[in-house]
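These notes are about the structure you will find just below.
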Number of protein chains: 2
Amino acid sequence: MEIKYKVWVEKNGEILIGLGREELLREIEKTGSIRQAAENMGITYRKALYFLDAMEKRAGEKIVETFRGGPGGGGSRLTEYGKKLLKEFEKVVKEFEKAKERASKGLNLE
Amino acid sequence: MEIKYKVWVEKNGEILIGLGREELLREIEKTGSIRQAAENMGITYRKALYFLDAMEKRAGEKIVETFRGGPGGGGSRLTEYGKKLLKEFEKVVKEFEKAKERASKGLNLE
DNA sequence: TGATGTTATAATAATTTTAACATAAAAACA
DNA sequence: TGTTTTTATGTTAAAATTATTATAACATCA
């Protein structure tokens with residue numbers, strides 16, 4: 001018996017960031033590459049791009065800086081806004097993790 | 001900017017009860033009819049039945065008592081287990097509501 | 001006995017989401 | 001100049017979810 005949850009932030013009724021997108025941003029920060037990040041997460045590069053594109057449209061701000069060619073063929077990194085978004089969402093997740101813990105302890109179902 | 005979430009309880013990796021199913025049980029309790037409950041929720045009767053069927057299989061217990069014919073054409077009501085399940089899940093939701101409130105206050109995104 | 005309103009099941013259609021594939025542009029570097 | 005590795009976009013295929021339609025059983029009651 002296990003409690004599970006999803007949490008996300010909406011802006012004008014559309015998802016700005018959620019657990020999946022959070023992981024994507026963290027992986028981009030870590031690897032410096034959207035492609036590598038997608039691979040690590042087990043999603044397609046195509047899908048990762050769709051996520052980022054939607055996030056940026058909804059935020060009205062750039063979240064990743066990308067560059068093609070160059071050493072290593074190119075790469076990506078988070079903008080300041082991207083980093084802030086990630087940080088703010090991590091705070092949200094912490095609250096929900098605590099709620100999950102409390103609720104799990106109180107759960108009385110065999 | 002709004003925080004949203006979903007929460008559910010799994011048993012052996014399958015959903016036992018979540019926010020949608022919780023509402024369904026509450027509506028059944030209130031109306032005494034699966035069909036009426038489904039209509040109030042804006043889902044099809046068919047889907048409501050699928051939910052109930054899956055819940056009972058996973059719980060290994062009856063959640064609703066149903067009867068066909070009779071006064072009013074038939075009806076349904078929650079079993080003792082169904083009522084307990086509902087009650088336990090409502091406690092879980094309360095914890096998550098609190099988490100949402102706290103996180104909303106701390107959220108710093110324009 | 002026929003109308004009623006519910007439970008119940010089967011089968012199909014429509015929609016949405018997810019995955020897969022192909023192709024091109026960019027720029028460093030050997 | 002060709003190779004490499006990434007970003008970037010378009011298109012199609014597959015899978016999963018959700019919605020719709022049709023049909024029947026049940027038992028009360030007028």
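Not measured: the values here are computed from a predicted model. Just so you know, these numbers use all the heavy atoms, side chains as well, and skip hydrogens, waters and symmetry mates. The chains referred to below are lettered A, B, ... by the order of the sequence lines, with proteins before strands, and numbering in each begins at 1.
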Hey, which of these two, A:Arg68 or A:Tyr50, hits DNA chain D nearer its 5' end, going by closest nucleotide?
A:Arg68
Residues B:Leu109 and B:Met1: closest non-hydrogen pair is O-CE, 3.9 Å
Report the distance from atom OH of A:Tyr45 to atom P of D:dT9, rounded to the nearest whole Å.
8 Å
Indicate, with a heavy-atom threshold strictly under 4.0 Å, whether A:Leu49 touches base, sugar-phosphate, or nothing.
base
What closest approach, in Å, do B:Phe89 and B:Val7 show between heavy atoms, and which atom pair accounts for it?
CZ-O, 3.4 Å
Side-chain N or O of A:Thr44 versus OP1/OP2 of C:dT18: is the shortest distance under 4.0 Å?
no
Would you mind telling me which residue lines up with the more 5' stretch of DNA chain C, B:Gln36 or B:Arg46, judged by nearest nucleotide?
B:Gln36
Taking every non-hydrogen atom, the tightest pair across A:Tyr5 and A:Lys100:
CE2-CD, 3.8 Å
At under 4.0 Å between heavy atoms, what does B:Ile34 touch on the DNA or RNA strands: base, sugar-phosphate, or nothing?
sugar-phosphate
Which sits closer to the 5' end of DNA chain D, B:Gly69 or A:Arg35, going by the nucleotide each is nearest to?
A:Arg35
ILVMFWY cluster, A:Ile63 and A:Phe67 together (side-chain gap under 4.5 Å)
no
Calculate the interatomic distance between B:Ile43 atom CD1 and D:dT20 atom P; express it in whole Å.
12 Å
If I take atom CD in residue A:Glu39 and atom P in nucleotide C:dA19, what distance separates them, rounded to the nearest angstrom?
15 Å
Counting just side-chain N and O atoms, does A:Ser76 come under 4.0 Å of either OP1 or OP2 of D:dT7?
yes
